[in-house]
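In what follows, residues are counted from 1 in the order of the sequence shown. Indexing begins at 1, ligand by ligand and atom by atom, following the structure's order.
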Amino acid sequence: MSDIKYLFEPESICIIGASDKKNKIGYKIMENIKSGGYQGKVYPINPNLEEILGYKVYKNISDINEIDEIDIAVIAVPEPLVLNALKTCPSKKIKYVLVITSGFSEIGKNKEEKDLVDFAHQHNIRILGPNIFGHFVNKSNLNASFASGNIPKGNVALISQSGALGSALIGETGEENIGLSAIVPLGNKCDVDESDLIEYLKNDDSTKVILIYMEGVKNGEKLIPLLKETTMKKPVIIIKSGRSKKGAQAAASHTGSLSGSDEIFQSIMNQTGVHRPENVVQALQWAKFLANTPMPRGENTLIITNGGGVGVMAADACEKYGVHMYDNYNSLSEAFSQYVPEFGSVKNPIDVTGQVGIEGYEKCIEAAVNHPDIHAILCLGCEHALFQEEALKTTIEKIHNLYGHIKPIQYVFYGGKSIKNAARYLKAKGIPMYFDVYDAVSSLGELFKTYRYKQIRHQFESDDTKGIVINYAAISDILRGVENDKRQFLLANESRGLMEAAGISMPKSFVAKTVDEAIHYFNKINATVVMKIVSKDIVHKSDAGGVRLNIENEQELMNAWEVIMLNARKYNPQAVIRGIEICEQINLDTETIVGGRRDSSYGPMLMFGSGGIYVEILKDVAFRSNTFSKAEIHNMLKETKLYPLLLGVRGMGPKDIDAVVDVILRVALILKHFDQISDIEINPLVVYDKNCGARAVDARILIK
Ligand code: COA
């Protein structure tokens, strides 16, 4: 397949459907290519024209005699003509085709779209689109799009699945003074997808941040490792919509139905270190800040303010967005007392009071920049007589030029017209200036997230499964039996056998046909047992009086046998009774759920959460793409509301978290080794006190 480099750095481009009519898309693309200053070869194709904007026009690609290979073809002819236009591309060994045309799978014309892909792949061509506005690559001076207006140039790359939003974002980025290194829409994503583009952008020096608008993930197995790799090099921000409820409805297990929700996507974002904003405005603020701010060397933030109120607001925002405020008060007093009036404060926030003008800030910022234990600075100001528009502009600009590349420094100024004027002026200069403290701290929080992620990422790649013994041969035998039977689910005894072979402890259980057999099994189990009627004609065993708990001796067992049989016959005289299950009784404790499933979008996934009969109501679950790292599994556990309970609360000791992690690692290994398993669900997994283990009460296993 053609190298993705050809899409971003083409040496030649042809435009099939180029036009000289100013109201046509084929003209606008030509105009943008010309005004963008593209230096490569440009070949407009149109059967009826001689020249467009000074470029010679060819009737057909094959008429271009001066060149044997062209890197990109842009197709902008109506849908019925697209396939034929594509068929002309192999004559010049085209590598990438941008199909601008709408009217394919987005309106149900799936076959027409598939025909394009099939033809393209037979000829080593990749397709971007269809249904796109074209693309822009700053470093190639290439604007092969019909986007209107000037595209601001800079270091943020924009990938958008929605053409309209992508086009609107160009305008928004312009308003926010965010420069773009590339804009690539995905349209119907029939071939080239976000992974292909990230593959290029992760190593592109002109791109500092990758901003993606995404509606759905098709190939998570490719995307997840790529995101992990990319976020170690540069921030990735993903705005995601389109929460798949359909997938959830079709799912056959709790793990399946819960994983249709947005939590699975969020968990993957956490696992891969991706920033996920709540809205477009936040996305743009983060993108701008992350693209232009130096990485901090630690986590201590200092707030400098001239008003107590905004200082407190900033402290609240820091708590909300996980920003740590520097709290060595001796060191703060030593460094800042000289700049702060006696009635001010040298605790964090440093309150310079209304007594101090903007030049007083300068000294404090300088001291903070020189302080080895302060890593980021948040500078807040409320308008007063000593805050003059011109002084603000010149002083902050000077401070930014002196120190903005050394440590992250943000500014938030509240006030009237003159303050806003100064703020707008500084913002336009690329200075991290905000109109509200929460916006500033939210961006700062994301910067620290990147910092933290980079510090600890390596822990999540370790393989902690060494020493775990699983009887794979026994599991293969069980699965073969199920396949021979042409079943897609494992029977209770098969699931139990599989769990045992995987080293996951389940209660012992046997089905007795006679009371003597029952006594034999009771002695074999050698513990308190539960007795349950076994009949496919009695589904609700308890309703039928077919369950007895707390059986502790032979006499109790014989009595229970009589009662259960009597109840069952009364409940359904026609029922065929296979016997009574004698099952080791499990002491109740903290109920959790552990799941493993092969997700159609994301590949093999693990799940952990609050278990028992209320799982779907509680919806307290977290996910991970399959992992063998204990640290990563711990992170998944931490994302649930149950986690503090596992740590121990209100006089209750900690639970055996290690045992939970061990069970999850075993599930991870089973998923890895047995492709045919689509779902494993242990619910509940009862977790006992620390060092007392965890036991699976019920396990449900499905195969493809
Ligand atoms: N090779 C080269 N040029 C050809 C051609 C061929 N095989 N067949 C036709 N053309 C020429 C036409 O003669 C015309 O040139 P002209 O203006 O000189 O007459 C030009 O290609 C365009 O064809 P036309 O029939 O005029 O189409 P159009 O410009 O009205 O519409 C699209 C074409 C692609 C723009 C339209 O079908 C479409 O899909 N629009 C929506 C695009 C969109 O919104 N994309 C998603 C954005 S998010």
- Message: Once you measure the plane-to-plane angle for W286 and H275, does it fall in the parallel (<30°), tilted (30-60°) or perpendicular (>60°) bin?
- Response: perpendicular
- What heavy-atom pair brings P10 and Y38 nearest, and what distance separates the two atoms? O-OH, 2.8 Å
- Residue pairs passing the side chain to side chain donor-acceptor pair (under 3.5 Å) test where at least one lies in residues 75-94, sequence neighbours excluded: E79-K109
- Within the protein, residues bringing a heavy atom under 4.0 Å of ligand 1, chain by chain: I16, G17, S19, K21, K24, I25, I45, N46, P47, N48, L49, A76, V77, P78, L81, I100, T101, S102, N131, I132, F133, F146, G163
Solution key, residues 184-191 side-chain donor-acceptor pairs under 3.5 Å, sequence neighbours excluded:
| from | atom 1 | to | atom 2 | distance (Å) |
| --- | --- | --- | --- | --- |
| N188 | OD1 | N131 | ND2 | 3.3 |
| N188 | ND2 | S105 | OG | 3.2 |
| N188 | ND2 | E106 | OE1 | 2.8 |
| N188 | ND2 | E113 | OE1 | 2.9 |
| K189 | NZ | E194 | OE1 | 2.7 |
| K189 | NZ | E194 | OE2 | 3.1 |
| K189 | NZ | G216 | O | 3.0 |
| D191 | OD1 | H121 | NE2 | 3.1 |
| D191 | OD1 | R126 | NE | 3.3 |
| D191 | OD1 | R126 | NH2 | 2.9 |
| D191 | OD2 | H121 | NE2 | 3.1 |
| D191 | OD2 | R126 | NE | 3.1 |
| D191 | OD2 | I127 | N | 2.8 |

- Qualifying residues under side-chain hydrogen bond (donor to acceptor under 3.5 Å, both in side chains), relative to S267, sequence neighbours excluded: E639
- Classify the angle between the aromatic ring planes of Y453 and F460 as parallel (below 30°), tilted (30 to 60°) or perpendicular (above 60°). tilted
